[in-house]
Amino acid sequence: MINKIESLKAEIAALTASSAAEAEQLRIKYLSKKGEVTQLFTEFKTLPAEQKRELGARLNELKNFATERINTLKEAAGDNVADADLIDLSRTPAPMPLGTRHPITLVRDKIVSIFSRLGFTIAEGPEIEDDWHVFSSLNFAADHPARDMQDTFFINRTPDVLLRTHTSSVQTRVMEHTQPPIRIICPGRVYRNEAISARAHCFFHQVEALYVDENVSFADLRQTLLYFAREMFGPQTEIRLRPSYFPFTEPSAEMDISCNLCGGKGCSFCKHTGWVEILGCGMVDPNVLEACGIDSKRYSGFALGMGVERITNLKYQVKDLRMFSENDVRFLEEFTAAR
(Lines give C-alpha, C1' and ligand atoms only; values in the text may rest on other atoms or scores of the structure.)
Protein backbone atom coordinates (compact mmCIF):
# COMPACT_ATOMS: atom_id res chain seq x y z
CA MET A 1 0.00 0.00 0.00
CA ILE A 2 2.87 2.38 0.85
CA ASN A 3 4.58 1.59 -2.47
CA LYS A 4 1.35 2.41 -4.35
CA ILE A 5 1.05 5.75 -2.57
CA GLU A 6 4.67 6.76 -3.29
CA SER A 7 4.42 5.60 -6.91
CA LEU A 8 1.19 7.54 -7.48
CA LYS A 9 2.67 10.65 -5.82
CA ALA A 10 5.66 10.59 -8.16
CA GLU A 11 3.37 10.10 -11.14
CA ILE A 12 1.21 13.10 -10.15
CA ALA A 13 4.30 15.26 -9.56
CA ALA A 14 5.37 14.67 -13.16
CA LEU A 15 2.02 15.62 -14.68
CA THR A 16 1.77 18.39 -17.31
CA ALA A 17 -1.20 20.03 -19.06
CA SER A 18 -1.23 22.40 -22.05
CA SER A 19 -4.86 23.50 -21.56
CA ALA A 20 -7.51 23.82 -18.90
CA ALA A 21 -9.39 20.94 -20.54
CA GLU A 22 -6.38 18.60 -20.14
CA ALA A 23 -6.04 19.63 -16.50
CA GLU A 24 -9.71 18.81 -15.96
CA GLN A 25 -9.18 15.32 -17.44
CA LEU A 26 -6.32 14.76 -15.00
CA ARG A 27 -8.60 15.75 -12.13
CA ILE A 28 -11.16 13.19 -13.28
CA LYS A 29 -8.46 10.49 -13.64
CA TYR A 30 -7.06 10.93 -10.15
CA LEU A 31 -9.64 12.65 -7.93
CA SER A 32 -13.12 11.74 -9.22
CA LYS A 33 -15.29 9.11 -7.53
CA LYS A 34 -13.62 6.41 -9.63
CA GLY A 35 -10.20 8.09 -9.72
CA GLU A 36 -6.95 6.37 -8.74
CA VAL A 37 -6.51 8.30 -5.48
CA THR A 38 -10.12 7.60 -4.50
CA GLN A 39 -9.60 3.88 -5.17
CA LEU A 40 -6.78 3.83 -2.62
CA PHE A 41 -9.20 5.17 -0.01
CA THR A 42 -11.53 2.27 -0.86
CA GLU A 43 -8.71 -0.24 -0.31
CA PHE A 44 -7.80 1.56 2.93
CA LYS A 45 -11.14 0.50 4.46
CA THR A 46 -10.14 -3.19 4.26
CA LEU A 47 -6.76 -2.81 6.02
CA PRO A 48 -6.13 -4.00 9.61
CA ALA A 49 -6.69 -1.38 12.28
CA GLU A 50 -3.01 -1.23 13.30
CA GLN A 51 -2.02 -0.07 9.76
CA LYS A 52 -4.74 2.54 9.27
CA ARG A 53 -3.15 5.25 11.42
CA GLU A 54 0.04 5.60 9.38
CA LEU A 55 -1.54 4.92 5.98
CA GLY A 56 -4.47 7.28 6.63
CA ALA A 57 -2.08 10.20 7.12
CA ARG A 58 -0.17 9.29 3.94
CA LEU A 59 -3.42 9.03 1.90
CA ASN A 60 -4.63 12.45 3.08
CA GLU A 61 -1.23 13.90 2.20
CA LEU A 62 -1.46 12.32 -1.27
CA LYS A 63 -4.97 13.68 -1.87
CA ASN A 64 -3.97 17.20 -0.84
CA PHE A 65 -0.84 17.03 -3.01
CA ALA A 66 -2.88 15.85 -6.03
CA THR A 67 -5.48 18.57 -5.55
CA GLU A 68 -2.88 21.35 -5.32
CA ARG A 69 -0.90 20.01 -8.29
CA ILE A 70 -3.91 19.77 -10.60
CA ASN A 71 -5.21 23.21 -9.54
CA THR A 72 -1.79 24.67 -10.33
CA LEU A 73 -1.89 23.06 -13.79
CA LYS A 74 -5.40 24.48 -14.36
CA GLU A 75 -4.38 28.01 -13.41
CA ALA A 76 -1.26 27.92 -15.56
CA ALA A 77 -3.11 26.54 -18.58
CA GLY A 78 -5.97 29.02 -18.13
CA ASP A 79 -3.60 32.03 -17.95
CA ASN A 80 -1.83 30.89 -21.09
CA VAL A 81 -5.09 30.69 -23.02
CA ALA A 82 -6.23 34.14 -21.82
CA ASP A 83 -2.90 35.75 -22.64
CA ALA A 84 -2.65 34.12 -26.03
CA ASP A 85 -6.19 34.20 -27.36
CA LEU A 86 -8.65 36.22 -25.26
CA ILE A 87 -7.10 39.60 -24.36
CA ASP A 88 -6.94 42.18 -27.13
CA LEU A 89 -5.13 45.20 -25.70
CA SER A 90 -5.91 47.27 -28.81
CA ARG A 91 -9.66 46.93 -28.31
CA THR A 92 -11.53 50.02 -27.12
CA PRO A 93 -13.49 49.65 -23.86
CA ALA A 94 -17.18 48.80 -24.18
CA PRO A 95 -19.38 51.93 -23.88
CA MET A 96 -21.38 52.14 -20.67
CA PRO A 97 -25.03 53.11 -21.16
CA LEU A 98 -25.87 56.49 -19.66
CA GLY A 99 -29.08 57.25 -17.84
CA THR A 100 -31.13 60.41 -18.17
CA ARG A 101 -32.87 62.82 -15.87
CA HIS A 102 -36.58 62.56 -15.26
CA PRO A 103 -38.72 64.73 -17.60
CA ILE A 104 -40.07 66.64 -14.59
CA THR A 105 -36.50 67.44 -13.57
CA LEU A 106 -35.61 68.51 -17.11
CA VAL A 107 -38.51 70.95 -17.30
CA ARG A 108 -38.08 72.25 -13.75
CA ASP A 109 -34.40 72.98 -14.37
CA LYS A 110 -35.29 74.73 -17.63
CA ILE A 111 -37.83 76.96 -15.85
CA VAL A 112 -35.35 77.78 -13.08
CA SER A 113 -32.68 78.57 -15.67
CA ILE A 114 -34.96 81.01 -17.52
CA PHE A 115 -35.90 82.92 -14.37
CA SER A 116 -32.32 82.93 -13.08
CA ARG A 117 -31.38 84.94 -16.15
CA LEU A 118 -33.88 87.54 -14.96
CA GLY A 119 -32.22 87.74 -11.56
CA PHE A 120 -34.47 85.37 -9.61
CA THR A 121 -32.86 83.16 -6.95
CA ILE A 122 -34.14 79.84 -5.62
CA ALA A 123 -35.96 79.75 -2.27
CA GLU A 124 -37.11 76.57 -0.54
CA GLY A 125 -39.34 75.72 2.41
CA PRO A 126 -40.83 72.76 4.33
CA GLU A 127 -43.42 70.47 2.77
CA ILE A 128 -45.16 70.00 6.15
CA GLU A 129 -46.52 73.44 6.90
CA ASP A 130 -48.85 75.36 9.20
CA ASP A 131 -52.13 77.07 8.38
CA TRP A 132 -50.65 80.56 8.68
CA HIS A 133 -48.06 80.19 5.92
CA VAL A 134 -50.26 78.14 3.56
CA PHE A 135 -53.58 79.99 3.96
CA SER A 136 -54.01 82.82 6.49
CA SER A 137 -50.99 84.93 5.49
CA LEU A 138 -52.07 84.61 1.85
CA ASN A 139 -55.45 86.24 2.43
CA PHE A 140 -57.52 83.03 2.40
CA ALA A 141 -60.84 83.53 4.14
CA ALA A 142 -61.68 81.22 7.02
CA ASP A 143 -64.43 79.56 4.93
CA HIS A 144 -62.41 79.31 1.71
CA PRO A 145 -63.02 75.95 -0.08
CA ALA A 146 -59.27 75.21 -0.24
CA ARG A 147 -59.32 74.68 3.53
CA ASP A 148 -61.76 71.78 3.12
CA MET A 149 -60.54 68.24 3.82
CA GLN A 150 -61.32 67.30 0.21
CA ASP A 151 -58.46 69.54 -0.98
CA THR A 152 -55.91 69.45 1.82
CA PHE A 153 -54.02 66.67 3.63
CA PHE A 154 -54.05 67.51 7.34
CA ILE A 155 -51.53 65.85 9.66
CA ASN A 156 -53.27 63.72 12.30
CA ARG A 157 -56.49 65.65 11.63
CA THR A 158 -54.92 68.76 13.14
CA PRO A 159 -56.24 71.85 11.33
CA ASP A 160 -53.03 73.82 11.91
CA VAL A 161 -50.56 71.24 10.51
CA LEU A 162 -50.85 70.12 6.88
CA LEU A 163 -49.03 69.19 3.70
CA ARG A 164 -48.57 72.35 1.66
CA THR A 165 -51.01 72.74 -1.22
CA HIS A 166 -48.83 75.26 -3.06
CA THR A 167 -45.30 76.65 -2.83
CA SER A 168 -46.69 80.12 -2.04
CA SER A 169 -45.91 79.25 1.58
CA VAL A 170 -42.23 79.67 0.70
CA GLN A 171 -42.96 83.20 -0.51
CA THR A 172 -44.58 84.20 2.78
CA ARG A 173 -41.67 82.78 4.77
CA VAL A 174 -39.21 84.80 2.70
CA MET A 175 -41.27 88.00 3.00
CA GLU A 176 -41.49 87.58 6.78
CA HIS A 177 -37.72 87.65 7.16
CA THR A 178 -36.55 89.71 4.17
CA GLN A 179 -37.23 93.30 3.21
CA PRO A 180 -37.58 94.25 -0.48
CA PRO A 181 -36.21 94.05 -3.05
CA ILE A 182 -37.25 90.38 -3.19
CA ARG A 183 -36.91 88.35 -6.37
CA ILE A 184 -37.28 84.61 -5.78
CA ILE A 185 -38.43 81.45 -7.52
CA CYS A 186 -39.86 78.58 -5.47
CA PRO A 187 -39.77 75.10 -7.05
CA GLY A 188 -41.09 72.15 -5.05
CA ARG A 189 -43.57 69.33 -4.52
CA VAL A 190 -47.10 70.04 -3.32
CA TYR A 191 -50.00 67.85 -2.20
CA ARG A 192 -53.76 67.95 -2.70
CA ASN A 193 -56.44 65.47 -1.71
CA GLU A 194 -57.63 64.58 -5.19
CA ALA A 195 -58.53 61.36 -6.97
CA ILE A 196 -55.66 60.04 -9.10
CA SER A 197 -56.40 59.99 -12.82
CA ALA A 198 -54.79 60.75 -16.16
CA ARG A 199 -55.37 64.48 -15.53
CA ALA A 200 -54.85 64.78 -11.75
CA HIS A 201 -52.70 63.39 -8.97
CA CYS A 202 -52.49 63.70 -5.19
CA PHE A 203 -49.01 65.18 -5.49
CA PHE A 204 -47.38 67.22 -8.21
CA HIS A 205 -44.71 69.89 -8.69
CA GLN A 206 -44.98 73.65 -8.84
CA VAL A 207 -42.71 76.57 -9.60
CA GLU A 208 -43.79 79.96 -8.26
CA ALA A 209 -42.06 83.31 -8.64
CA LEU A 210 -42.28 86.48 -6.55
CA TYR A 211 -40.94 89.97 -7.23
CA VAL A 212 -41.44 92.75 -4.68
CA ASP A 213 -39.86 96.18 -4.96
CA GLU A 214 -40.76 99.83 -5.39
CA ASN A 215 -42.88 100.70 -8.43
CA VAL A 216 -43.42 97.12 -9.67
CA SER A 217 -46.29 97.17 -12.17
CA PHE A 218 -48.50 94.82 -14.12
CA ALA A 219 -46.46 95.74 -17.20
CA ASP A 220 -43.39 94.22 -15.49
CA LEU A 221 -45.37 91.05 -14.91
CA ARG A 222 -46.55 90.83 -18.51
CA GLN A 223 -43.05 91.33 -19.93
CA THR A 224 -41.65 88.67 -17.59
CA LEU A 225 -44.34 86.22 -18.71
CA LEU A 226 -43.72 86.93 -22.39
CA TYR A 227 -39.99 86.38 -21.96
CA PHE A 228 -40.58 83.10 -20.13
CA ALA A 229 -43.07 81.78 -22.70
CA ARG A 230 -40.79 82.47 -25.65
CA GLU A 231 -37.74 81.00 -23.95
CA MET A 232 -39.64 77.84 -22.99
CA PHE A 233 -41.79 77.23 -26.07
CA GLY A 234 -40.08 79.15 -28.87
CA PRO A 235 -39.71 82.73 -30.16
CA GLN A 236 -43.00 82.63 -32.09
CA THR A 237 -45.06 82.01 -28.93
CA GLU A 238 -47.73 84.58 -28.09
CA ILE A 239 -49.47 85.05 -24.74
CA ARG A 240 -52.80 86.36 -23.54
CA LEU A 241 -53.98 87.24 -20.04
CA ARG A 242 -57.54 86.58 -18.89
CA PRO A 243 -59.04 88.08 -15.71
CA SER A 244 -59.27 85.57 -12.85
CA TYR A 245 -59.39 85.40 -9.04
CA PHE A 246 -56.80 84.29 -6.48
CA PRO A 247 -57.02 85.30 -2.80
CA PHE A 248 -53.40 86.45 -2.67
CA THR A 249 -53.26 88.61 -5.83
CA GLU A 250 -55.28 91.59 -7.04
CA PRO A 251 -55.74 92.00 -9.94
CA SER A 252 -55.35 88.34 -10.91
CA ALA A 253 -55.06 86.68 -14.29
CA GLU A 254 -54.60 83.34 -16.00
CA MET A 255 -52.10 83.16 -18.83
CA ASP A 256 -52.57 81.24 -22.08
CA ILE A 257 -49.96 80.62 -24.74
CA SER A 258 -50.56 80.09 -28.42
CA CYS A 259 -50.76 76.35 -29.05
CA ASN A 260 -47.28 75.09 -29.85
CA LEU A 261 -48.69 72.21 -31.93
CA CYS A 262 -50.87 74.09 -34.37
CA GLY A 263 -49.28 77.53 -34.04
CA GLY A 264 -52.56 79.05 -32.84
CA LYS A 265 -54.63 77.82 -35.79
CA GLY A 266 -56.69 75.38 -33.71
CA CYS A 267 -56.36 71.64 -33.12
CA SER A 268 -57.72 68.93 -30.86
CA PHE A 269 -54.97 69.55 -28.29
CA CYS A 270 -56.04 73.19 -27.75
CA LYS A 271 -59.72 72.30 -28.30
CA HIS A 272 -59.64 74.31 -31.53
CA THR A 273 -59.20 77.60 -29.65
CA GLY A 274 -55.57 78.14 -30.58
CA TRP A 275 -54.71 78.80 -26.90
CA VAL A 276 -53.52 76.64 -23.97
CA GLU A 277 -53.59 77.74 -20.33
CA ILE A 278 -50.30 77.27 -18.46
CA LEU A 279 -50.24 79.42 -15.29
CA GLY A 280 -51.90 81.88 -12.91
CA CYS A 281 -50.49 85.24 -11.89
CA GLY A 282 -51.28 88.70 -10.54
CA MET A 283 -50.15 91.65 -8.45
CA VAL A 284 -49.52 90.73 -4.80
CA ASP A 285 -52.50 91.77 -2.68
CA PRO A 286 -51.60 94.57 -0.22
CA ASN A 287 -53.09 92.49 2.60
CA VAL A 288 -50.47 89.79 1.94
CA LEU A 289 -47.64 92.31 2.06
CA GLU A 290 -48.90 93.81 5.31
CA ALA A 291 -49.39 90.37 6.90
CA CYS A 292 -45.74 89.59 6.17
CA GLY A 293 -44.47 92.89 7.57
CA ILE A 294 -43.91 94.78 4.28
CA ASP A 295 -45.18 98.34 3.79
CA SER A 296 -47.78 98.03 1.00
CA LYS A 297 -47.85 101.79 0.47
CA ARG A 298 -44.18 101.82 -0.47
CA TYR A 299 -43.76 98.45 -2.14
CA SER A 300 -45.69 96.46 -4.71
CA GLY A 301 -45.02 93.17 -6.41
CA PHE A 302 -46.21 90.39 -8.66
CA ALA A 303 -46.45 86.63 -8.22
CA LEU A 304 -46.96 83.78 -10.65
CA GLY A 305 -47.21 80.03 -10.36
CA MET A 306 -47.32 77.07 -12.70
CA GLY A 307 -47.54 73.27 -12.50
CA VAL A 308 -44.38 71.60 -13.80
CA GLU A 309 -46.38 68.59 -15.01
CA ARG A 310 -48.57 70.94 -17.05
CA ILE A 311 -45.54 72.50 -18.76
CA THR A 312 -44.04 69.04 -19.32
CA ASN A 313 -47.28 67.87 -20.96
CA LEU A 314 -47.14 70.79 -23.37
CA LYS A 315 -43.44 70.38 -24.15
CA TYR A 316 -43.37 66.59 -24.59
CA GLN A 317 -47.07 65.76 -25.24
CA VAL A 318 -47.36 63.38 -22.28
CA LYS A 319 -51.09 62.81 -21.89
CA ASP A 320 -51.21 60.76 -18.67
CA LEU A 321 -49.92 62.37 -15.46
CA ARG A 322 -49.54 58.96 -13.81
CA MET A 323 -46.65 58.09 -16.12
CA PHE A 324 -44.46 60.63 -14.33
CA SER A 325 -44.52 58.66 -11.06
CA GLU A 326 -44.75 55.02 -12.24
CA ASN A 327 -40.97 54.68 -12.85
CA ASP A 328 -41.46 52.82 -16.13
CA VAL A 329 -37.95 52.60 -17.61
CA ARG A 330 -39.36 52.41 -21.15
CA PHE A 331 -41.03 55.79 -20.64
CA LEU A 332 -37.94 57.36 -19.06
CA GLU A 333 -35.69 56.12 -21.89
CA GLU A 334 -37.65 58.28 -24.32
CA PHE A 335 -35.98 61.35 -22.78
CA THR A 336 -32.38 60.18 -23.22
CA ALA A 337 -31.80 62.65 -26.05
CA ALA A 338 -33.18 65.49 -23.92
CA ARG A 339 -30.55 65.28 -21.21
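- Two residues are said to be in side-chain contact when any heavy atoms from C-beta on lie closer than 4.5 Å; V284 and Q171 fail this criterion.
- Listed for the D130 side chain is a donor-acceptor partner under 3.5 Å among the backbone atoms of H133.
- The hydrophobic cluster containing L314 also contains V107, counting ILVMFWY residues as joined when their side-chain heavy atoms lie under 4.5 angstrom apart, directly or transitively.
- Contact check for F154 versus L162: side-chain heavy atoms found under the 4.5 Å cut-off.
- G293 approaches Q179 most closely through the heavy-atom pair O-NE2, 3.3 Å.
- Atom-to-atom distance recorded for E333:CD and D328:CG is 9.0 Å, nearest 0.5 angstrom.
- Between L332 and P103, the closest side-chain pair of non-hydrogen atoms falls below 4.5 Å.
- At least one donor-acceptor pair under 3.5 Å links the side chain of R192 to the backbone N or O of T165.
- Side-chain heavy atoms closer than 4.5 Å link hydrophobic residues (I, L, V, M, F, W, Y) into clusters, and following such links, even through other members, never connects W132 to F246.
- Contact between V170 and G125 at its shortest, heavy atoms only, is CG2-N, 3.6 Å.
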Stepwise side chain to side chain contact (heavy atoms under 4.5 Å, CB included) check, I182 with I294: CA-CA 11 Å; I182 298 171; I294 295 176; 4.1 Å; yes
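- For E6 and K9, the salt-bridge test fails: no basic side-chain N is under 4.0 Å from an acidic carboxylate O.
- Atom CD of E124 has 12 or fewer heavy atoms from other residues, nucleotides or ligands within 6.0 Å.
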F233 vs I311, side chain to side chain contact (heavy atoms under 4.5 Å, CB included): CA-CA, chis, key distance, verdict: CA-CA 9 Å; F233 298 103; I311 306 298; 3.9 Å; yes
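- Proximity of a side-chain donor or acceptor of T72 to a complementary backbone N or O of E68 within less than 3.5 Å is detected.
- Formation of a donor-acceptor pair under 3.5 Å by the S258 side chain with backbone atoms of E238 is found in this model.
- Between the side chain of R230 and the backbone N or O of T237, at least one donor-acceptor pair lies under 3.5 Å.
- Atom CG of N64 is surrounded by more than 12 heavy atoms from other residues, nucleotides or ligands within 6.0 Å.
- Following chains of ILVMFWY side-chain contacts shorter than 4.5 Å, one cannot reach F204 starting from I196, and the two form parts of different hydrophobic clusters.
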Could you tabulate the donor-acceptor pairs under 3.5 Å formed by side-chain atoms of residues 269-278, not counting sequence neighbours?
{"residue": "T273", "atom": "OG1", "partner": "C270", "partner atom": "O", "Å": "2.7"}
{"residue": "T273", "atom": "OG1", "partner": "W275", "partner atom": "N", "Å": "3.2"}
{"residue": "T273", "atom": "OG1", "partner": "W275", "partner atom": "O", "Å": "3.1"}

Side chain to side chain contact (heavy atoms under 4.5 Å, CB included) evaluation trace for T172 with F248: CA-CA 11 Å; T172 59; F248 38 87; over 6 Å; no
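- Listed by chain and residue number, F203 satisfy the ring pair (Phe, Tyr, Trp, His ring centres under 6.0 Å) test with H201 (two or more places apart in sequence, or in another chain).
- When atom types are taken as modelled, the side chain of Q206 and the backbone of H166 share no donor-acceptor pair closer than 3.5 angstrom.
- S217 and D220 form a side-chain donor-acceptor contact under 3.5 Å, judged by distance and modelled atom types alone.
- The neighbour count for E214 CD, taken as heavy atoms of other residues, nucleotides or ligands under 6.0 Å away, is above 12.
- The two residues I239 and R222 have their closest heavy-atom pair at CD1-O, 4.0 Å.
- Ring planes of F331 and H102: perpendicular class, angle over 60° (limits at 30 and 60°).
- Summarising the geometry, atom CG belonging to L8 is positioned 4.5 Å from atom CD1 belonging to I12; distances are rounded to the nearest 0.5 Å.
- Two residues are said to be in side-chain contact when any heavy atoms from C-beta on lie closer than 4.5 Å; I185 and I122 meet this criterion.
- In this structure, the side chain of E290 engages the main chain of S296 through a donor-acceptor pair within 3.5 Å.
- Atom NZ of K315 is surrounded by more than 12 heavy atoms from other residues, nucleotides or ligands within 6.0 Å.
- Proximity of C202 to F153: side-chain heavy atoms (C-beta onward) are separated by under 4.5 Å at one or more points.
- Under a 3.5 Å cut-off, the side chain of H205 and the backbone N or O of E309 do not form any donor-acceptor pair.
- When only modelled atom types and interatomic distance are considered, S169 and R173 share no side-chain donor-acceptor pair under 3.5 Å.
- For the pair K110 and E231, the tightest heavy-atom approach, listed with the atom from each and the gap, is CE-O, 3.8 Å.
- V190 and L138 end up in different hydrophobic clusters when Ile, Leu, Val, Met, Phe, Trp and Tyr side chains are linked at under 4.5 Å.
- Two residues are said to be in side-chain contact when any heavy atoms from C-beta on lie closer than 4.5 Å; T152 and L163 fail this criterion.
- Note that CG of L241 and CG of L226 are 9.5 Å apart. Values are rounded to the nearest 0.5 Å.
- Here the CD-CG distance, from E194 to D151, works out to 6.5 Å after rounding to the nearest 0.5 Å.
- Between F302 and V216, the closest heavy-atom pair is CD2-CG1, 3.6 Å.
- Side-chain atoms of F228 and I111, non-hydrogen and from C-beta on, do get closer than 4.5 Å to each other.
- Panel note: side chain T38, backbone K34; no donor-acceptor pair is recorded below 3.5 Å.
- Between Y30 and E11, the side chains place a donor N or O and an acceptor N or O closer than 3.5 Å (distance only, hydrogens not considered).
- Atom OG of S300 is separated from atom CZ of R298 by 11.5 Å, given to the nearest 0.5 angstrom.
- Between atom CG of residue L118 and atom CD of residue Q223 there is a gap of 9.5 Å, rounded to the nearest 0.5 Å.
- Atom CD1 of I28 sits in a crowded spot, with more than 12 heavy atoms from other residues, nucleotides or ligands closer than 6.0 Å.
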Worked verdict on V308 versus F324 for side chain to side chain contact (heavy atoms under 4.5 Å, CB included): CA-CA 11 Å; V308 180; F324 291 129; over 6 Å; no
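- Among all heavy-atom pairs drawn from I257 and A229, the shortest one is CG2-CB, 4.1 Å.
- Under a hydrophobic-cluster definition in which Ile, Leu, Val, Met, Phe, Trp and Tyr are linked whenever side-chain heavy atoms come within less than 4.5 Å, directly or via other members, V174 and V212 are assigned to the same cluster.
- Side-chain contact between L210 and C186 is absent, with no heavy atoms from C-beta onward closer than 4.5 Å.
- When atom types are taken as modelled, the side chain of E129 and the backbone of R164 share no donor-acceptor pair closer than 3.5 angstrom.
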